[in-house]
Amino acid sequence: MKKAIFLDRDGTLNVDVGYLHRLEDLELFPWTADALRLLKRAGYTLVVVTNQSGIAHGLIDPGFIQVCHDEMQRRLQPAGAELDALYYCHHHPRGSVEELSIECRCRKPRPGMIEDAVRDLGVDPKQSWVVGDKWLDVNLGVGVGARSILVRTGWGAEQEQQRPPGQPVDAICDNLIHAVSVILHND
Ligand SMILES: [Mg+2]
Ligand SMILES: [Zn+2]
């Protein structure tokens with residue numbers, strides 16, 4: 001089975017502007033393409049797993065997600081840093097769009113998106129890492145037996161200050177490129 005890096009999107013790959021809903025606000029970090037290329041070269045399958053509850057709240061047009069992810073791929077492609085798959089959760093238990101207002105199986109830290117990636121891509125969570133800027137990302141990894149890294153970009157620096165008692169994490173890194181160096185030295 002293949003090893004993967006499960007990547008949070010907002011605050012990890014790109015600036016977290018809060019319910020990103022227009023392309024003008026999509027800003028990849030300057031190191032994102034380099035970081036992803038290094039991971040690809042090391043043989044990892046790159047999988048985005050992102051909570052997009054703004055759709056359930058009626059704040060993000062459902063069609064925007066595909067537009068946004070196509071644009072990300074378009075920007076990453078020249079650097080040889082294309083993502084292998086992108087999964088999103090568009091639910092929220094208390095949303096305003098009725099059919100999306102459910103306790104779903106995919107909203108992080110629940111493992112639904114990783115379960116889908118295992119089925120679709122044949123990746124093994126136990127050989128994989130999760131990287132994100134919130135404890136819910138770290139706990140997604142903990143739940144599936146992957147290793148987990150919190151990055152200080154996005155909400156990460158604040159999350160680090162509010163670490164729950166007993167919260168496990170394998171590393172806390174300044175940003176994604178730092179996380180890549182940790183991954184490559186520990187695998
Ligand atoms: Mg995030
Ligand atoms: Zn969901």
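This chain uses plain numbering: 1 for the first residue, then up along the sequence. We count ligands from 1, going down the list as the structure has it; atoms in each ligand are counted the same way.
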The protein N, O or S atoms lying under 2.8 Å from the Zn ion (ligand 2) are Cys89 SG, His91 ND1, Cys104 SG, Cys106 SG
Got a sec, which pairs hit salt bridge (charged side-chain N to carboxylate O under 4.0 Å, His left out) with one end in residues 172-187, sequence neighbours left out? Arg147-Asp187, Arg152-Asp174
What protein N/O/S atoms lie closer than 2.8 Å to the Mg ion (ligand 1)? Asp8 OD2, Asp10 O, Asp133 OD1
Run Arg105 and Glu115 through salt bridge (Lys or Arg N to Asp or Glu O under 4.0 Å) and show every step you take. CA-CA 10 Å; Arg105 53 181 279 281; Glu115 291 167 358; 3.2 Å; yes
Asp116 and Arg119: CA distance, side-chain angles, deciding distance, salt bridge (Lys or Arg N to Asp or Glu O under 4.0 Å) verdict: CA-CA 5 Å; Asp116 290 349; Arg119 180 198 62 206; 3.5 Å; yes
So, Gln127 versus Asp124: side-chain donor-acceptor pair below 3.5 Å or not? yes
By side chain to side chain contact (heavy atoms under 4.5 Å, CB included), Asn14 pairs with (sequence neighbours left out) Arg9, Asp10, Leu20, Leu26, Leu28, Met72
Determine the interplanar angle of the His92 and His57 rings, folded into 0 to 90°, and report it as parallel if under 30°, tilted if 30 to 60°, perpendicular if over 60°. tilted
Heavy-atom pair of closest approach, residues Ser96 and Ser101: N-OG, 3.8 Å
Decide if atom CH2 of Trp155 counts as having more than 12 heavy atoms of other residues, nucleotides or ligands within a radius under 6.0 Å. no
With a cut-off of 6.0 Å (strictly less than), are more than 12 heavy atoms of other residues, nucleotides or ligands near CD of Glu98? no
